[in-house]
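Report on one structure; see the data block that follows.
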Amino acid sequence: MVEIKTDAALDAMREAGRVVAQALAAAREAAGVGVSLKELDEAARTVLAKAGARSPFLGYRPSFAPVPFPAVICASVNDAVVHGIPTDYRLRDSDLVSIDCGAELDGWTGDAATTFTVGTPRPADLDLIDATQQALDAGIAAAQVGNRMGDISHAIGTVARKARCGMPTDFGGHGIGRRMHEDPPVPNRGRPGRGFPLRHGLVLAIEPMLMAGGQDTYSTDPDGWTLRTTDGSRAAHIEHTVAITDEGPRILTLP
């Protein structure tokens, strides 16, 4: 069931999204050579706690997961695409890091992700981040009243394929609101003019995940959560929670 949000609900989701942006900024600011992934998680936890927000990640256990997720962020490094569990791993020079975070505030949820380099950046990583951001921007631009879900999916996929990047099969964005994962699904590839109609009050988490090697296949770590590229290439993940409005797409997870 797809819930169309009222304007008041969109404003409430904007506040949850603001907390997400602040938590991501804190995790990114804490990152550096020698810093552990658990320390990035602690930085985000502090922001959520100060805002009086709950983490929709902590304790989350979908059907595929062998254990509940143990952190408030996903921290995916280098060839990890998404869902990386923060561990004692300490960041190294030239690591590529994707952080995904959510926040629930006053019954409404926000979800966003960012990818960045640590220390000396590799040019290829910067190109991958740029392509992923372009794919997200294209998806958001297509999030217009009167369009359909396939227009968002096609826009994302077109940018990804032009950059010769892969996208993990069966993973994409989702509706969001009272819960982190709601209908409808938001595929990262699709046909324009097809799929669920976009209307004022629909809120989507749009999240391209690009893999530099060009393959769409992935493997799952023994932890049951972390997805990795099968060819060992690096991956990037950038996401925003976006409301469809009569005035155009409204990004709810900005600072």
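For the single chain, residues carry numbers from 1 onward in sequence order.
No side-chain donor-acceptor contact under 3.5 Å links Thr132 to the backbone of His237. In this structure, Asp95 contributes its side chain and Val97 its backbone to no donor-acceptor pair below 3.5 Å. The backbone N or O of Ala44 lies less than 3.5 Å from no partner atom in the side chain of Asp41, so there is not a single donor-acceptor pair.
With hydrogens and angles left out, the side-chain atoms of His240 and Thr253 include a donor and acceptor closer than 3.5 Å. Side-chain contact of Glu104 with Ser55: a donor-acceptor pair under 3.5 Å is absent, judged by distance alone.
Annotation: Arg61, atom CZ; neighbour count of heavy atoms from other residues, nucleotides and ligands within 6.0 Å is above 12. Within 6.0 Å of CG on Asp246 lie more than 12 heavy atoms contributed by other residues, nucleotides or ligands.
One hydrophobic cluster, built from ILVMFWY side chains closer than 4.5 Å, holds both Val35 and Val118. Hydrophobic clustering places Ile4 together with Val242 (ILVMFWY residues linked when any side-chain heavy atoms are closer than 4.5 Å, directly or through intermediates).
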Kindly list each side-chain donor-acceptor pair under 3.5 angstrom involving residues 182-190, sequence neighbours excluded, with atom names and distances?
{"from": "Glu182", "atom 1": "OE1", "to": "Lys5", "atom 2": "NZ", "distance (Å)": "3.0"}
{"from": "Glu182", "atom 1": "OE2", "to": "Arg178", "atom 2": "N", "distance (Å)": "2.9"}
{"from": "Glu182", "atom 1": "OE2", "to": "Arg179", "atom 2": "N", "distance (Å)": "3.0"}
{"from": "Asp183", "atom 1": "OD2", "to": "Met1", "atom 2": "N", "distance (Å)": "3.1"}
{"from": "Asn188", "atom 1": "ND2", "to": "Glu207", "atom 2": "O", "distance (Å)": "3.1"}
{"from": "Arg189", "atom 1": "NH2", "to": "Met167", "atom 2": "O", "distance (Å)": "2.8"}

Let me have the donor-acceptor pairs involving side chains of residues 134-150, under 3.5 Å, with sequence neighbours excluded, atom names and distances please.
{"from": "Gln134", "atom 1": "NE2", "to": "Asp130", "atom 2": "OD2", "distance (Å)": "2.6"}
{"from": "Asp137", "atom 1": "OD1", "to": "Gln133", "atom 2": "NE2", "distance (Å)": "2.9"}
{"from": "Gln144", "atom 1": "NE2", "to": "Ala141", "atom 2": "O", "distance (Å)": "3.1"}
{"from": "Asn147", "atom 1": "ND2", "to": "Ala142", "atom 2": "O", "distance (Å)": "2.9"}
{"from": "Arg148", "atom 1": "NH1", "to": "Gly195", "atom 2": "O", "distance (Å)": "2.7"}

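For His181 and Tyr60, the ring centers are positioned less than 6.0 Å apart.
To the nearest 0.5 Å, atoms CG (Asp11) and CG (Leu252) are separated by 9.0 Å.
Summarising the hydrophobic clusters (Ile, Leu, Val, Met, Phe, Trp, Tyr; side-chain heavy atoms under 4.5 Å, direct or chained), the residues clustered with Leu227 are Val81, Val82, Phe171, Met209, Met211, Tyr218.
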Exercise for the section: Show the numbers, then the answer: is there a side chain to side chain contact (heavy atoms under 4.5 Å, CB included) between Leu210 and Leu128? Expected result: CA-CA 7 Å; Leu210 271 57; Leu128 179 62; 4.0 Å; yes

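A salt bridge does not link Arg234 with Asp79: none of the charged nitrogens is closer than 4.0 Å to a carboxylate oxygen. Using a 4.0 Å cut-off between a side-chain N of Lys or Arg and a carboxylate O of Asp or Glu, Arg161 and Asp216 qualify as a salt bridge.
For the pair Val19 and Leu48, the minimum side-chain heavy-atom distance is below 4.5 Å.
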